[in-house]
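The structure appears below as structure tokens.
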Amino acid sequence: MPELPEVETIKRELAPHLKGEIIREVVIRRKEIVGFPKIQLFKQKVIGKRIKEVERRGKYLILRLSDGSRLIFHLKLSGRLFLIDGEESPKHERIRFLLNQRNLSFVEPRMFGRVFLVEGEVPRVLKGWRELGPEPLSRAFNQSFLREKLRGRKGKIKSLLLDQRIGCGIGNIYADESLFLARINPERTGGSLTQEEIVRLVRAIKKVLRKAIRHKGTTLSDYFRPDGKEGGFQSLLRVKDREGEPCLVCGELIQRIRIGNRSTHLCPRCQR
DNA sequence: CGGGAGTCCTGTGGGC
DNA sequence: TGCCCACAGGACTCCC
């Protein structure tokens, strides 16, 4: 599932190929993939524009176009962006952007992902965008920010980290990995965390995300880079997908539980 | 407003 | 081998 490190990797690997390219044509294979505006208008506004920058915000990937508008992608669970040379289109391709040299193909088997064209004001369908918290790798994401967000909260810390107003860009994999590194049990309520634990958690989140970016993301099943290759962080996971295997710190068996209808992995001895 | 449950969608994999 | 069904999950909606 593309989370912050995966989208950051995609951004870095797409940028050198997309910057300066002109979108010559758009082939829409499933109209629902375009979240905004309607497809006729979408095509009309995108065709002929030059891609000036490739950016990321949380789990969103952004192509900044020559007229100041933005193409905003959300890959959700199974979305992939591929750079393709020839005519052949991959299975489950939903939309394709024809450029000068290669083509950009948005593949999304499960049809949760969307692409939006945004000029100025962000449309209602992107309401989550406006409320995104600070980037976890920025200085604004610090202990005083997190303390403020967790104060008095009765929800479980795992669920709160998945709230994009708090853990912007964090998803199921990195929430579990960060809580393990911070030695905090995911079932603890947000408001129960001590100052010291909040400091540990902030540091753990930054450390895990940076390391995952260095290894080009985690491929468990659905995530692939624009050239089709896998990420490298899956072999470095400490709890995610390790149910029944020994904790690498204490040897206790890793457990899998459900929190907020999400599967959650933890070491019951290390995480208190 | 907060928190929990339900919903969307489709491929995959376990069970028989 | 083939069929069926549970399951996976980000973010939004709904309800209390």
Side-chain angles (χ1 to χ4, degrees), chain A residues 1-8 10 29-36 56-62 72-81 90-95 106-116 118 122-133 135-136 146-179 186-193 205 209 212 217-224 230-231 234 237 239-244 256-266:
Chain A
M1 337 283 116
E3 304 178 26
L4 187 154
E6 289 74 34
V7 181
E8 179 66 22
I10 293 168
R29 305 197 188 277
R30 278 284 292 268
K31 65 180 192 313
E32 309 95 296
I33 201 71
V34 176
F36 186 88
R56 179 193 59 74
R57 176 83 173 96
K59 299 173 194 169
Y60 294 93
L61 185 98
I62 304 129
I72 302 181
F73 295 82
H74 199 304
L75 276 41
K76 288 287 177 88
L77 306 174
S78 60
R80 296 150 220 171
L81 287 167
K91 198 173 180 187
H92 305 123
E93 180 177 83
R94 307 310 191 189
I95 188 168
F106 185 16
V107 170
E108 168 52 316
R110 273 173 247 184
M111 282 304 296
F112 279 116
R114 293 287 182 272
V115 57
F116 307 88
V118 174
V122 178
R124 279 193 307 276
V125 282
L126 267 169
K127 73 181 284 288
W129 168 278
R130 265 183 284 202
E131 301 178 39
L132 283 176
E135 284 292 321
L146 196 57
R147 193 196 325 132
E148 190 58 35
K149 289 293 179 188
L150 299 184
R151 177 173 294 153
R153 297 292 297 261
K154 293 187 159 47
K156 293 175 177 172
I157 183 62
K158 162 71 184 273
S159 300
L160 294 171
L161 284 183
L162 295 179
D163 182 337
Q164 300 298 290
R165 293 168 293 189
I166 302 174
C168 169
I170 297 175
N172 212 27
I173 297 173
Y174 300 108
D176 284 3
E177 292 295 311
S178 299
L179 286 166
E187 296 202 278
R188 293 271 301 281
T189 63
S192 75
L193 267 61
I205 288 167
L209 294 177
T218 303
T219 301
L220 291 176
S221 57
D222 287 318
Y223 159 69
F224 293 96
E230 299 188 351
Q234 54 278 10
L237 296 171
V239 284
K240 175 68 183 173
D241 259 27
R242 295 194 66 243
E243 182 184 14
R256 184 162 76 118
I257 61 175
R258 292 196 79 75
I259 294 179
N261 219 21
R262 289 287 172 272
S263 103
T264 300
H265 294 79
L266 73 148

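Residue numbers begin at 1 in each chain, while the letters A, B, ... track the order of the sequences. Here the structure is a predicted model, which means the values were calculated and not measured.
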* Asked: How many Å lie between CD1 on A:I33 and P on B:dC8, as a whole number?
  -> 18 Å
* To do: Check the distance between B:dC8's C1' and A:M111's CE and give it to me in whole angstrom.
  => 11 Å
* Structure fact -> Within residues 148-160 of chain A, those residues having any heavy atom closer than 4.0 Å to DNA chain B are A:R153, A:K154, A:G155
* A:F36 CZ to C:dC12 P: how many Å, rounded? -> 16 Å
* Asked: When the nearest nucleotide of DNA chain C is assigned to A:L77 and to A:G128 on a heavy-atom basis, which residue is associated with the more 5' position?
  -> A:L77
* Does a side chain donor of either A:E6 or A:Y174 reach within less than 3.5 Å of an acceptor in the other side chain? -> yes
* What integer distance in Å separates A:F224:CZ from B:dG11:C1'? -> 13 Å
* Return the set of residues passing salt bridge (Lys or Arg N to Asp or Glu O under 4.0 Å) with A:E230 (not counting sequence neighbours), or none when no residue passes. => none
* Take atom CG of A:L220 and atom P of B:dT12, then tell me their distance rounded to the nearest Å. => 15 Å
* Should we say atom CZ of A:R258 is surrounded by more than 12 heavy atoms from elsewhere, each under 6.0 Å from it? -> yes
* In whole angstrom, what separates A:E243's CD from B:dG14's P? -> 13 Å
* Could you say whether A:G260 or A:R165 is positioned toward the 5' end of DNA chain B, judged by the nucleotide with the nearest heavy atom to each? => A:R165
* Structure fact -> Nucleotide by nucleotide, nucleotides 3-8 of chain C touches protein heavy atoms under 4.0 Å in the pattern (B base, S sugar-phosphate only, - none) -----B
* A:H74 vs C:dG10: side-chain N/O to OP1/OP2 distance below 4.0 Å -> no
* To do: Using atom CD of A:E3 as one end and atom P of C:dG10 as the other, report the distance to the nearest whole Å.
  => 6 Å
* Asked: Is there a side-chain contact between A:L75 and A:E108 (heavy atoms, below 4.5 Å)?
  -> no
* From A:E3 CD over to A:N172 CG, what is the distance, rounded to the nearest 0.5 angstrom? -> 7.0 Å
* Got A:H92 and A:R80 here, is their nearest side-chain heavy-atom distance under 4.5 Å? -> no
* Structure fact -> Hits for side chain to side chain contact (heavy atoms under 4.5 Å, CB included) against A:E187, two or more places apart or cross-chain, chain-then-number order -> A:K156, A:N185, A:I257, A:I259
* Got a sec, which residues hit salt bridge (Lys or Arg N to Asp or Glu O under 4.0 Å) with A:E148, two or more places apart in sequence or on another chain? -> A:R151
* Does A:Q164 make a side-chain N or O approach to OP1 or OP2 of C:dG10 shorter than 4.0 Å? -> no
* Structure fact -> Here the gap from A:L193 atom CG to A:I157 atom CD1, rounded to the nearest 0.5 Å, amounts to 5.0 Å
* **Nearest-Å distance for atom pair CG/C1', residues A:D222 and B:dT12** => 10 Å
* To do: Output yes when at least one side-chain N/O atom of A:H92 is less than 4.0 Å from OP1 or OP2 of B:dG11, else no.
  => yes
* Atom CZ of A:R29 with >12 non-hydrogen neighbours under 6.0 angstrom -> yes
* Structure fact -> Smallest heavy-atom separation, A:V7 atom then A:P2 atom, equals CG2-CB, 4.0 Å
* Using a 4.0 Å heavy-atom cut-off across all strands, classify A:R30 as base, sugar-phosphate, or nothing. => sugar-phosphate
* Asked: In terms of side-chain geometry, is the basic nitrogen of A:D222 or A:R110 positioned less than 4.0 Å from the acidic oxygen of its partner?
  -> yes
Look for any protein N or O under 3.5 Å of an N or O in nucleotides 13-16 of chain C and output each such pair with its distance, or none.
none

